[in-house]
Amino acid sequence: MDMLTVTIDGNKVQVPAGSTILDAAHAAGVDIPTLCYLKDTNVVGVCRVCVVEVEGAKSLQAACVAPASDGMVVRTNTPAVREARRTVLELIISNHPYECLTCERSGNCELQALADRFNIREIEYEGEKHKFPVDSSSPSIVRDPNKCILCRRCVSVCQDTQSVCALAPNDRGFDTMVGPAFADELMEAVCTMCGQCVLACPVGALTESDATEYVWAALADPTKHVVVQTAPAVRASICEELGMPAGSRVTGQMVAALRRLGFDKVFDTDFTADLTIMEEGYELLERLKAGGVLPLITSCSPGWIKFIEHFFPDLLPHVSTCKSPQQMFGALAKTYYAEKAGIDPKDIYVVSIMPCTAKKFEAKRPEMTSSGYPDIDAVLTTRELGRMIREAGIDFPSLPAEDYDDPLGMSTGAAVIFGASGGVMEAALRTVYEVVTDSELENIDFEDVRGIEGCKEAQVDINGTVVNVAVTNGLKNARQLLERISKGDADYHFVEIMACPGGCIGGGGQPIPTDRETRLKRISAIYEEDRNMPLRKSHLNPQVQELYKEFLGEPLGEKSHELLHTHYVPRSRV
């Protein structure tokens with residue numbers, strides 16, 4: 001590999017050819033401030049906060065886009081550089097609402113942090129401010145264009161990472177606004193509600209639709225029996241919201257915190273993840289035996305489901321009819337659990353803790369009412385749960401570990417790994433293999449379907465039948481895979497697709513920042529949890545077995561179809 005020698009503030013460093021000045025500064029241990037820059041995603045140099053002096057150049061250079069060259073001499077901390085950065089920040093702030101005390105991103109806002117770093121205490125520039133309407137049309141995401149700094153990070157993620165293109169700059173100059181085309185609201189746009197734009201936003205222009213007040217009200221209502229379920233990925237990320245390192249395993253502390261918040265029962269979405277494997281696994285076997293539509297594609301990710309409804313409606317027959325684990329849980333909470341506990345289902349209030357903004361949209365889908373009531377009453381993201389725990393003054397790190405409640409609290413390691421890309425596929429293979437062969441699987445770790453890169457493929461021999469499987473994450477990768485399926489170029493039997501990069505551990509409702517390194521730490525925690533579980537195969541969950549015996553009958557049976565399965569609908573592409 002060709003190497004370049006670059007001098008940064010008097011220190012010589014070597015970097016690979018093709019590096020930027022920002023890369024060279026990182027190699028030299030120099031922190032150049034950035035705002036519009038988002039590694040591997042948005043490298044456009046529009047904010048100019050990262051300007052530096054380059055010896056021989058006529059003007060200051062944007063470090064994030066300026067290529068490094070051999071022998072280049074760069075100065076990052078001269079009076080001219082500091083003054084330019086301050087001026088840029090002051091101009092941005094001059095058209096920004098002064099709402100830090102009430103903004104959801106206060107304390108975790110990149111613009112706020114830079115203003116503090118550069119000791120900005122007064123803004124000399126006064127002029128007209130934007131007065132755009134706030135878009136709260138979506139149950140998932142709130143857009144406040146008045147807080148937008150036009151960095152285009154959300155645009156880049158939506159277009160280049162997710163290939164959805166729901167967001168773009170509208171108009172020009174002072175009137176520029178980032179949003180759906182024609183200044184439409186999000187609910188009118190082809191938006192999957194995945195929330196990757198929220199993770200990318202450096203300020204409070206994009207946030208999740210906050211449901212915490214509804215949950216606080218339910219907890220305070222003596223007529224309501226309030227139960228909560230926690231998604232697999234949340235246990236690997238809630239720690240970050242509460243000052244602990246990424247990848248800390250805090251499942252027991254999370255359960256304890258939820259009890260202290262006042263929930264009557266603390267249940268686990270992993271229980272219905274195990275149930276999903278039973279229903280989806282048998283659905284795959286039925287299609288293989290009966291010549292059904294193949295490949296069967298998983299339906300756990302609501303962002304991915306909305307994506308296929310918009311962009312590939314002709315492929316909807318390939319999608320599993322199973323509800324997501326979140327929705328299965330709600331249906332059972334208001335039927336099976338209500339019956340066992342002797343509680344009128346109208347008095348049961350079901351709260352989900354999810355790593356996902358699209359789950360808020362999913363909970364509002366009209367078809368998710370098979371119990372006669374909405375399956376789910378409120379969805380909180382990991383970030384919202386963190387806010388509730390902090391508001392309640394709970395010392396999270398010091399909490400003793402506690403266990404989930406019965407009967408919807410027991411799970412297996414197969415369910416835990418739902419939180420990582422490839423986890424649903426691996427969990428299904430563990431069960432399908434043993435159901436078909438009636439023999440124990442020697443190695444239950446399917447390494448070939450793990451990881452966060454592109455599309456993974458594997459072949460599994462199940463009693464002489466070779467099953468071809470594929471796993472992908474991120475909607476751009478999903479689009480490429482679906483195009484191959486549409487053309488008949490992909491000979492798969494079973495496909496797992498997750499809307500968010502890395503799977504649910506990288507969901508739009510996860511702690512900010514969520515970058516590649518953080519995703520990998522969360523994934524490591526997920527697989528460590530799996531390895532330490534006493535049961536690691538969904539079909540061995542005794543409470544799931546009891547559920548079938550007492551209530552559902554059998555996988556794909558009449559009761560299961562009534563409560564646990566659904567349908568999806570073609571949507572407009574424009």
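The first residue in the sequence is number 1, and the count goes up from there.
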How far apart are the C-alpha atoms of Arg121 and Asp116, what are their side-chain angles, what is the distance that settles it, and do they pass the salt bridge (Lys or Arg N to Asp or Glu O under 4.0 Å) test?
CA-CA 8 Å; Arg121 299 294 176 256; Asp116 182 64; 3.4 Å; yes
Does anything in residues 388-400 pair up under salt bridge (charged side-chain N to carboxylate O under 4.0 Å, His left out), and if so which pairs, sequence neighbours excluded?
Glu241-Arg390
Side chain to side chain donor-acceptor pair (under 3.5 Å) partners of Thr176, counting only residues at least two apart
none
If the threshold is 4.0 Å, N to carboxylate O, is there a salt bridge linking [X] and [Y]?
X: Lys129; Y: Glu99; answer: no
X: Arg235; Y: Asp270; answer: yes
X: Arg153; Y: Glu110; answer: yes
X: Lys364; Y: Asp375; answer: no
X: Arg365; Y: Glu362; answer: no
X: Lys360; Y: Glu384; answer: yes

Please determine which of Leu275, Thr298, Leu564 meets the side-chain contact (heavy atoms from CB on, under 4.5 Å) test together with Glu280.
Thr298
Give me the atom names and distance for the closest heavy-atom approach of [X] to [Y].
X: Asp406; Y: Phe267; answer: O-CE2, 3.4 Å
X: Asp268; Y: Phe329; answer: O-CD1, 4.4 Å
X: Ala427; Y: Ile417; answer: N-CD1, 4.3 Å

As a quick check of understanding, evaluate salt bridge (Lys or Arg N to Asp or Glu O under 4.0 Å) for Glu309 and Lys306, giving each step before the final call.
CA-CA 5 Å; Glu309 289 176 328; Lys306 197 164 185 288; over 6 Å; no
Within the distance-only criterion (no hydrogens, no angle test), does the side chain of Gln510 pair as donor or acceptor with the backbone N or O of Gly507 below 3.5 angstrom?
no
